[in-house]
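Throughout, protein chains are lettered first and strands after them, A, B, ... in sequence-line order, and every chain is numbered starting at 1. Since the model is a prediction, treat every value here as computed from it, not as a measurement.
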Protein chains: 2
Amino acid sequence: MTMLDNERLSGQNRLIDDFGAYFESIGFQPIAGRIIGLLSVSDREELSFDEIINRLKISKGSASVVLRRLVSECRVAVVESGRRHYYRLNQQNLFELLDEFERMCDSVRYLLNTTIDLKTDKESSNAKYFNQIINTIDRYKTSMATMRQAVQTI
Amino acid sequence: MTMLDNERLSGQNRLIDDFGAYFESIGFQPIAGRIIGLLSVSDREELSFDEIINRLKISKGSASVVLRRLVSECRVAVVESGRRHYYRLNQQNLFELLDEFERMCDSVRYLLNTTIDLKTDKESSNAKYFNQIINTIDRYKTSMATMRQAVQTI
DNA sequence: TATTTAGTTTAATCGCGATTGAACTAAAAA
DNA sequence: TTTTTAGTTCAATCGCGATTAAACTAAATA
């Protein structure tokens with residue numbers, strides 16, 4: 001039950017676009033997502049600048065800019081060899097996704113808390129609702145801290 | 001220790017812009033976030049179309065479009081009275097934030113899973129890393145299901 | 001019925017980020 | 001030293017979503 005090379009290739013291309021779409025949805029440039037996708041799906045896990053622009057059919061300019069950003073954000077690592085640069089996915093903290101979500105929860109918590117502070121009537125319908133959400137967020141964070149420990153001690 | 005009216009008003013205005021920025025960061029139009037902010041912070045929790053456009057200094061056109069979207073997404077509820085429309089925040093499911101995050105986790109899980117499927121070498125460094133992330137996501141979901149029940153049975 | 005009012009629709013504009021192309025730089029190769 | 005190559009920089013463009021203004025509709029009011 002082996003996969004044909006052309007199946008694999010077209011599967012990869014589709015997936016690279018899916019990566020692009022997903023990363024675009026969380027605020028990246030489409031090209032950034034496609035590069036991450038390529039570095040994720042390709043069998044050789046370290047690719048040169050040239051390989052990247054040829055496979056994705058993007059200009060040197062955008063590749064240069066986007067790769068610099070990805071490297072500065074520690075999503076991609078670069079290795080220089082001769083005058084070539086090779087790129088590979090940087091395997092970050094497993095909880096990166098969760099970290100980002102927790103930061104989002106913190107923003108919401110701050111907004112709702114400040115909102116309640118500004119309310120004349122702390123018992124208003126919205127004030128009560130916001131308090132419930134804050135409560136849920138706090139429970140969530142406790143719950144997550146526990147889970148992180150569990151995962152880390154395996 | 002009471003807050004002056006003008007303090008409250010300027011605090012509200014600042015917070016409304018913070019809501020705008022936050023909602024913009026998660027993919028809404030800035031105006032959508034500011035409307036949600038206004039409906040959240042204002043003491044009267046039900047405001048007319050006119051009150052909204054006057055307080056936020058936005059055009060009837062954008063207010064109309066954005067409010068229609070917010071209503072269709074059930075973020076805002078509308079009450080018609082005479083020929084006026086009144087809007088209030090729709091108090092959604094407490095877990096809305098978490099629901100959205102879980103959908104995001106599902107997308108990532110799908111991308112990584114499909115990526116592994118396409119790999120020739122399932123033991124490659126990236127394949128192993130992706131498997132760890134998938135594992136963490138699965139643990140996260142279990143953990144969340146438990147927490148939701150705990151919150152709901154209080 | 002005529003008028004006023006609340007909100008909708010839509011064409012036009014504005015601003016901005018993503019992308020490209022081409023000139024440019026620095027370093028390796030010849 | 002000259003040439004080639006890899007990648008960078010940056011001005012120009014492209015496309016698109018957000019916003020507005022103004023014409024328009026429908027319903028309430030006079």
May I ask you to check whether B:F101 and A:Y140 place their ring centers less than 6.0 Å from one another?
no

Rounded to whole angstroms, how far apart are CG on A:D50 and C1' on D:dT5?
9 Å

Please state how far atom CD1 in B:I35 lies from atom P in D:dA18, giving the value in whole angstrom units.
13 Å

Is it true that A:R75 and A:E96 make a salt bridge, defined as a side-chain N closer than 4.0 Å to a carboxylate O?
yes

Donor-acceptor under 3.5 Å (B:R8 side chain, A:L118 main chain):
yes

Any side-chain heavy atom of A:I16 within less than 4.5 Å of one from A:V41?
yes

Each nucleotide of nucleotides 25-30 of chain C classed B (base within 4.0 Å of a protein heavy atom), S (only sugar-phosphate) or -, in 5' to 3' order, makes --BBS-

Does B:Q29 use its side chain to pair, donor to acceptor, with the backbone of B:S62 at less than 3.5 Å?
no

I need the minimum non-hydrogen distance between A:E73 and A:Q92, along with the two atoms involved.
O-NE2, 4.1 Å

May I have the distance from B:N54 (atom CG) to C:dG7 (atom P), rounded to whole angstrom?
11 Å

Send over the distance from B:I52 CD1 to C:dA6 C1', rounded to a whole Å.
13 Å

Indicate the ring-plane relationship of B:F19 and B:F23, choosing parallel, tilted or perpendicular according to the 30° and 60° boundaries.
parallel

How many angstroms lie between OG1 in B:T115 and CG in A:L15, if you round to the nearest 0.5 Å?
4.0 Å

Spacing of B:L67 atom CG relative to D:dT20 atom P, expressed in whole Å
13 Å

What is the per-nucleotide protein-contact pattern of nucleotides 8-19 of chain C, from the 5' end, where B denotes a base atom under 4.0 Å from a protein heavy atom, S denotes such proximity for sugar-phosphate atoms only, and - denotes neither?
BB--------SS

